[in-house]
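Below is one structure, written out as structure tokens; the observations come after it.
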Amino acid sequence: MADLTLDDVSKVFVENDGNEITAVDDVSLEIDDGEFLVLVGPSGCGKSTTLRMVAGLETVSSGEIRLDDRVINDRQPKERDIAMVFQSYALYPHMTVRENMSFGLEESTDMPDDEIASVVAEAAEMLGIDELLDRKPDDLSGGQQQRVALGRAIVRDPEVFLLDEPLSNLDAKLRAQMRTELQRLQEELDVATIYVTHDQTEAMTMADKIAILDDGQLQQVGTPLECYHEPENLFVAGFIGEPSMNFFDVSLDTADERLVHDDFDYALSAETQSALDGTEALVLGIRPEDISIGGDADDDHRYETVVDVVEPMGNENNVYLTFEEGDGSETFVATIDGLERVEEGERVVAHVPEDAIHVFDRRTGRALRNRRLESETATEPQL
Amino acid sequence: MDSLRNSLQRLDPRSGHGADEPVSREREGNRFAQLRGSDFVESIPFWLPATLLVLLFVYGAIGWNVAISFTGWSGLGQPDYTNFTLEMYRQMPADQNFRASLRNTVALLVAFTSVSLVVGLGLALLVDRKIRFENTFRTIYLLPMALSFVVTAIFWSWMYASDGLINTTLAAVGLEALAFDWLGDPRFKLAAVIFALVWQFSGYCMIVYLAGLRSIPDDHYEAARIDGASTLTLYRRVIIPQLRSSTIGATVVLMVFALKAFDFIYVMFGDNPGRSADILAVTMYRQAFSASEWAYGAAIAVVLFALALTIIGPYAYTQYKRGAL
């Protein structure tokens, strides 16, 4: 059992014409023993490259990767004591499930055959694939192949588990089921795990800790709730949460103590204003579930709006609102209770409470003020 | 489509009334219209001429050849089709020349096929390692395949000549002891032919294997590396077993070619290469067209045909079973 540390790790690819592309830029991470870290970000953000560097499938351009105190930068993959599950599963098609699962043990350990057989049988039983041991991967369903790929990693009993978008080839129902199962499995095995995904739902639901990457740079590392409620910048705020946070470009009017937008003014308390530190070009952010509908438009922070589109989800409705009727005007989304009825075209009053707003510096994207959490359970994350 | 058309015709109210006679005439007309409308009939002009020509010139010729092999036809004159015997086939086991050429054919088949496959696989594995100038190497290795056998046979006979490139080179590096009369010495004749054919065909095997290698996802290499496999084990246990279908495909092509490697040997040695390099295809030609033993030549052709069928048959059958044909 070991802790994994990435210290200022970078990866630079040099193209044929000499162009340099920085895929991973000074990423530092710590994954404690038994911790489940999810690396999340949009396509091409460098998350898979980071994982592959840990696996030893890519060289490290600069920085250090350490397992406990051992630097493993230049070690061969097999000397790193890691196991990896690939997005495509990478099962060897000519081998049976049993052979696929034993292969790693046969190649990397001196374990006698009967011991390998018992380890494989045990892992297969744990994953519920003991009936499939004599079949070939082509005869298995996507979910079963997924389990075999997991089994192949588990039998190695590695120090670090690496999972590269392992659920992305499954259908939605199975994915949700495997999500819980993976979590249970990881808890049982209690091994440091890095899980790469572009799906923020997976990140939020499974992780002990989330690391959000964009364009090769680490944006934020924190617990799912920290990243959700206290995003460090605009990117994190927009990436985590579904539907995304609403953003409005606003400017600060210090004289009137308010934020000014083309369609509305937003009055600020002294406390919020002091947090903004005089920055004028700002972005106002508000989570859809923090906007409520109803009340009197004359009050502060309540605005007359028109319902553009309603997306009923059953348990809740996503209501797209505009300040003015007609095309072209900006819409923003509010999530309201599923039983609350709102019709398209209806005029409603939207309430944007001040304790729930986020304000970002428009130039740097940095968060100047995040919502205040009176208690941890104030708002359940909307996924 | 036709059944739909039929049922529509049945629903047609006009076809229900009137006296008996007009109805039956109409029915006949219907059948004609039906026939004219069917896909089968309409497509006849497209496939029938080609099919007839293939039947006549390929299968007809094979059939005729089999018929000739049952006669005693030799020399001038016409074959006598009234009296079929198995005489020609009975002669074969006692014929030293036939036995030698059958043995050589099998030796050529096995050695040429296996060596070409191994060399081709080796080249493919090397070229696949993301080397520089990969395309150039690929072209260089495949080029011999594009040359006519007459051309390659002539230039290999120059290379093998007693004062040819090979012996001159050996002499230049002080290995005169290894300079033999490659095409004259019965010990080396067949090996020399096999070597030249391997040179020409290993490029083809390389291309087939390269295609196979390219269809193996990179993930398999990486998963095996993480699993702790050395390069050797990676290829032995993970990659090469996945090239099974490439191997089978290339083997069938090479074997069938080996059976009819006529032009190469004919250009090198003429119609009598001697017992050490004689193969069935050349023996067949010599018996039929040099010795005018038409029936015996035809019988040898039937043996060759049967050998080719035993090679292709199982392959075609398994492909058919898998739905690939």
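Remember, predicted model here, so these are calculated numbers, not experimental data.
From A:F86, atom CZ reaches atom CG of B:D218 across 10.0 Å, with rounding to the nearest 0.5 Å. Here A:E107 contributes atom CD and B:R225 contributes atom CZ; the two are 14.5 Å apart, rounded to the nearest 0.5 Å.
Atom CG of A:D69 has 12 or fewer heavy atoms from other residues, nucleotides or ligands within 6.0 Å. Residue B:E134 qualifies as enclosed at atom CD: its count of foreign heavy atoms under 6.0 Å is above 12. Within a 6.0 Å radius of CD in A:E64, other residues, nucleotides and ligands contribute more than 12 heavy atoms. Within a 6.0 Å sphere centred on CZ of B:R129, heavy atoms belonging to other residues, nucleotides or ligands number 12 at most. The environment of CG in A:N19 is crowded: more than 12 heavy-atom neighbours from other residues, nucleotides or ligands sit within 6.0 Å. In this structure, B:F137 places its CZ atom where only 12 or fewer heavy-atom neighbours from other residues, nucleotides or ligands lie under 6.0 Å away. Within a 6.0 Å sphere centred on OH of B:Y221, heavy atoms belonging to other residues, nucleotides or ligands number more than 12. Residue-environment remark: CD (A:E122) stays at or below the threshold of 12 foreign heavy atoms within 6.0 Å.
What you find for B:H220 and A:P93 is that their closest heavy atoms are CE1-CD, 3.4 Å. Contact between B:A223 and A:Y92 at its shortest, heavy atoms only, is C-OH, 3.4 Å. Contact between B:V238 and A:M95 at its shortest, heavy atoms only, is CG2-CE, 4.4 Å. The nearest pair of heavy atoms linking A:I82 to B:I226 is O-CG2, 4.0 Å. In plain terms, the two heavy atoms of A:S108 and B:G228 that are nearest each other are CB-CA, 4.3 Å.
At least one side-chain heavy atom of A:R152 sits less than 4.5 Å from a side-chain heavy atom of B:D227. With a 4.5 Å cut-off on side-chain heavy atoms, B:E222 and A:P77 do not count as touching.
Heavy atoms of A:L162 lying under 4.5 Å from chain B are absent altogether. The contact between B:R237 and chain A is made by backbone and side chain atoms together, counting heavy-atom distances below 4.5 Å. Using a 4.5 Å cut-off between heavy atoms, A:E106 contacts chain B through its side chain alone, with no backbone atom that close. Within the 4.5 angstrom heavy-atom criterion, no atom of A:R80 approaches chain B.
Taking A:H94, A:M84, A:E79 one by one and counting their heavy-atom pairs under 4.5 Å with chain B, the maximum is reached by A:H94. With respect to chain A, the highest number of heavy-atom pairs below 4.5 Å among B:P217, B:A224, B:S230 belongs to B:A224.
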